[in-house]
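The basis for the numbers below is simple: all heavy atoms, side chains too, and nothing from hydrogens, waters or symmetry mates. Residue numbering restarts at 1 for every chain, and letters A, B, ... go by the order of the sequence lines.
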There are 2 protein chains.
Amino acid sequence: MGEHRATLAAVAARAGVSPSTASLAFSGSGPVADATRERVLAAARDLGYAGPDPLARSLRRGRSGIVGAVIGERLLYAFRDPVAVALLDGIAEALSPSGTGLLLLSGDAQHGSPTTEQVSRMPVDVAVFATCGRDDDPLLDLFLRRGVPVVAVDGPDRPDVTVVDIDDYGGAAELARHVASLGHHRVAVAALPLRLDGRSGRVDDARRAIVGFADCRARLAATEDVFGPVPVAEAPSNVVEEGERAGRLLLAGPDRPTAIVAQSDLLAVGVIRAAEALGLRVPQDLTVVGYDGIDTPWLGERLLTTVVQPIAEKGRLTGRMVTELLAGQRPANVHLPVRLRVGTTSAPPPSR
Amino acid sequence: MGEHRATLAAVAARAGVSPSTASLAFSGSGPVADATRERVLAAARDLGYAGPDPLARSLRRGRSGIVGAVIGERLLYAFRDPVAVALLDGIAEALSPSGTGLLLLSGDAQHGSPTTEQVSRMPVDVAVFATCGRDDDPLLDLFLRRGVPVVAVDGPDRPDVTVVDIDDYGGAAELARHVASLGHHRVAVAALPLRLDGRSGRVDDARRAIVGFADCRARLAATEDVFGPVPVAEAPSNVVEEGERAGRLLLAGPDRPTAIVAQSDLLAVGVIRAAEALGLRVPQDLTVVGYDGIDTPWLGERLLTTVVQPIAEKGRLTGRMVTELLAGQRPANVHLPVRLRVGTTSAPPPSR
DNA sequence: CGATTCGATCGAATCGATTCGACCCGAGGA
DNA sequence: TCCTCGGGTCGAATCGATTCGATCGAATCG
């Protein structure tokens, strides 16, 4: 165990060839006589040499063969979000043929987690900001300064990053018009995190000023462009439980809304749970709508009224952007359309 | 864009110090006068130098700061499996303080995916076989040959790898005895993949001989030690849909079982769906039991009878094993206990 | 006041491969 | 027969940092 691992030079020496030839024998690039290759491979076998050291190879080549996926929250939360998972899967699938690996990175430094500096020191060829396209993410700048190309999903619209996003505003607006056309006036919003700092609860003006996520901001703007200013409860992360908390909060007040616009399907499921815990029927007593268009097994036969985004395609396209960047190209931004799906969780408000 | 990125040497030259001093100024290890450090940092700022190149640093240090997580199937499938996700989350959490990254690796080479060779060339300090502790995984040997320590979860019991697993046999046996004590004799099994080759359907003797996964094998053995040989339907991956297919298959025959033992909760949910589609009531007409003890929102108020494994702890412990290996130690194997949870999906067989 | 120590800095070796240009030699063309 | 051409091989530079040991001046100690 103490002995050092065999190196390519050692193998070359044993095979009686120069290191350069040994390298050629392994990498396959360049002409090598079959006999020589055999000799090198045999020597490698004798010495227990399992191929060139990835680190040395990467240093020389100038690339690591690794793509970083920045996910904002704890792995657990990101993985509970079907949208994030599908996205990562799409990236992984697109990357697979080239043998590129996917490295999970945590964006926001929290208790015990590595510093942003540390994270940006990871050897990635491209960084994908998967679930946290915050406008002013320091990590984003760090990667760019380092010369690492960045793809931002639903991310900030900056000239130096490639953006893949959906028509957040358009979808949210169409959804809002649907709710309005049913006759609702008293509407409230269960919002995605405005910023990843763990805060939750009712959003006041000060808090509202710092909305850092493009998607969250666009959806909220669309809703308020239809209904005017509405009460907003913020969930600290995109999970059912937090949707339930936000729902309880919104339904507790004296002026109970007749419709709640949740900024994601997971939050919507939570809101529905909160409503039912209070004895409210959905949609008879309360209309609840979501965003994303994921499977919602929690709801049984009911179909959530929501905006369906092309998740799988988003993932695939993101993956393609990455491979293009790896190939040295500068791909154009992509803006995907969404579609309103009217389900069984929206209805006219109860007549008083 | 064409100009080469600044190097530490360039920064050192501009600051009027030697590269060694500049290195010290960045890494912080070793004594550097404050004034000197300032000068170096200023030079770095001028040159747009964002810190040492991770690849070079890794080569010199001999470690990459990356841990590989080998997940057997497509990302999408692994992420749909709450057990796998919780495991990864636990690892990520344990790794977080040290700033170590988690690299997702696909174990089994399939269409379009990188070869096993390619995967084993990733610069990882430790490899965790997260959801695919196949006994004879070639990837496992490749990593070991390369000198990369391996942690196998539910993995093969080999002297050269660290194993974290649960009492699969014990749990499955207790579960089987529970089912037997209810009076069931005609029992069938909906099995996890015996091997990751996409095959599904009824398992004959030839197929049975190649059970490659320790957990799957142990659970099956325990069931048959109680009931004797039973019909087995194999799911090609651990998702609800495949459980449903397996369920339909098992329920289709002339000699319909009165109880189906699913090797995971996800499969059990699928089996229940299949049963209900056939007009069978669970548990009155059919007993269905699972394994894992995850949340099953699909079942509404019903509680699955299952074996609960300590998922979160498994993840944490796996993470700890990894950090110990990174510290150069050789941790001992861990074997976690499980617990039978009797829910509302098991009952005596219908009287004829 | 001479000897010792400590802090700050520097030189040079090293990590392990890749790759460019040069070189050699045998075969084919003029 | 001489010249080219190209397959096969080798030397040496290079990728970009880290780190060990040496050096040097200043401060401390006896």
Side-chain angles (χ1 to χ4, degrees), chain A residues 3-41 43-44 47-65 117-118 120-125 146-148, chain B residues 3-41 43-44 47-65 120-125 146-148:
Chain A
E3 9 101 57
H4 294 101
R5 202 137 281 280
T7 72
L8 183 58
V11 172
R14 183 172 232 271
V17 300
S18 79
S20 23
T21 304
S23 174
L24 265 355
F26 273 101
S27 73
S29 57
V32 176
D34 287 347
T36 311
R37 191 199 320 281
E38 280 313 317
R39 214 140 33 87
V40 172
L41 263 44
L47 266 49
Y49 179 79
D53 181 312
L55 291 171
R57 177 218 275 288
S58 293
L59 173 59
R60 187 68 241 260
R61 289 240 172 111
R63 38 185 46 204
S64 62
E117 280 283 347
Q118 271 183 300
S120 79
R121 282 208 206 306
M122 283 294 180
V124 298
D125 294 338
R146 211 171 259 280
V148 177
Chain B
E3 13 100 56
H4 294 100
R5 202 138 281 282
T7 72
L8 183 59
V11 172
R14 184 173 231 272
V17 301
S18 80
S20 23
T21 304
S23 174
L24 265 354
F26 274 101
S27 72
S29 56
V32 176
D34 287 347
T36 312
R37 190 199 321 282
E38 279 313 316
R39 213 140 33 86
V40 172
L41 263 41
L47 266 49
Y49 178 78
D53 181 312
L55 291 171
R57 177 221 273 292
S58 294
L59 173 59
R60 187 66 240 260
R61 288 240 172 112
R63 37 186 47 202
S64 62
S120 79
R121 282 206 207 307
M122 284 294 181
V124 298
D125 294 337
R146 213 168 255 283
V148 177

> Does A/S18 make a side-chain N or O approach to OP1 or OP2 of D/dC10 shorter than 4.0 Å?
yes

> Mind checking whether A/R5 and B/R146 have side chains closer than 4.5 Å, heavy atoms only?
no

> For the side chain of A/D53, starting at C-beta, report the closest nucleotide among C/dC10, D/dA17, C/dG16.
C/dG16

> Measure from CG on A/L47 to C1' on C/dG16 and round the result to the nearest Å.
15 Å

> So B/V148 and B/D125, do their side chains get closer than 4.5 Å, heavy atoms only?
no

> Write down the distance between CG (B/D125) and P (C/dC15), rounded to a whole number of angstrom.
18 Å

> What does B/S58 touch in the nucleic acid at a heavy-atom separation under 4.0 angstrom: a base, only the sugar-phosphate, or nothing?
nothing

> Applying a 4.0 Å non-hydrogen cut-off, can you work out what A/P31 is touching in the nucleic acid: base, sugar-phosphate, or nothing?
base

> Do A/S20 and A/S23 pair up side chain to side chain, a donor and an acceptor below 3.5 Å, judged on atom types alone?
no

> When the distance from CG of B/L59 to P of D/dT14 is rounded to whole Å, what number comes out?
17 Å

> Across all strands shown, which nucleotide pairs with D/dG21 by Watson-Crick or G-U wobble geometry, both distances under 3.5 Å?
C/dC10

> Any base atoms under 4.0 Å from A/Y49, or only sugar-phosphate, or nothing? Heavy atoms, all strands.
sugar-phosphate

> What does B/S27 touch in the nucleic acid at a heavy-atom separation under 4.0 angstrom: a base, only the sugar-phosphate, or nothing?
nothing

> Do any side-chain nitrogens or oxygens of B/R57 fall under 4.0 Å of OP1 or OP2 in D/dT18?
yes

> Give a yes or no answer on whether the side chain of A/T21 reaches the backbone of A/V17 with a donor-acceptor pair at less than 3.5 Å.
no

> Atom CG of A/L55 and atom C1' of D/dG16: how far apart are they, to the nearest Å?
13 Å

> Atom CZ of A/R37 and atom P of D/dG7: how far apart are they, to the nearest Å?
14 Å

> Nearest whole Å is fine: how far is D/dT18 C1' from B/L24 CG?
9 Å

> When you match A/V32 and A/P19 each to their closest nucleotide on DNA chain D, which lands nearer the 5' end?
A/V32

> Check whether the side chain of A/S20 and the base of D/dG11 form a donor-acceptor pair under 3.5 Å.
yes

> What is the separation between atom CG on A/L8 and atom C1' on D/dC10, rounded to the nearest whole Å?
14 Å

> Taking any heavy-atom pair under 4.0 Å as a contact, classify B/T7: base, sugar-phosphate, or nothing.
sugar-phosphate

> If you check every side-chain atom of A/R61, which of C/dT18, D/dT18, D/dG11 has the closest atom?
C/dT18

> Assign each of B/G16 and B/A56 to its nearest nucleotide of DNA chain C by heavy atoms, then name whichever residue's nucleotide is nearer the 5' end.
B/G16

> If I compare all heavy atoms of B/L55 with all of A/L59, which pair ends up nearest, and what's the gap?
CB-CA, 4.2 Å

> In Å, rounded to the nearest 0.5 Å, how long is the span from CG of B/L41 to OH of B/Y49?
11.0 Å

> Rounded to whole angstrom units, what separation is found between the CZ atom of A/R5 and the P atom of C/dC15?
15 Å

> Can you identify which nucleotide, out of D/dG8, C/dA13, C/dG16, has its nearest atom closest to the B/R60 side chain?
C/dA13

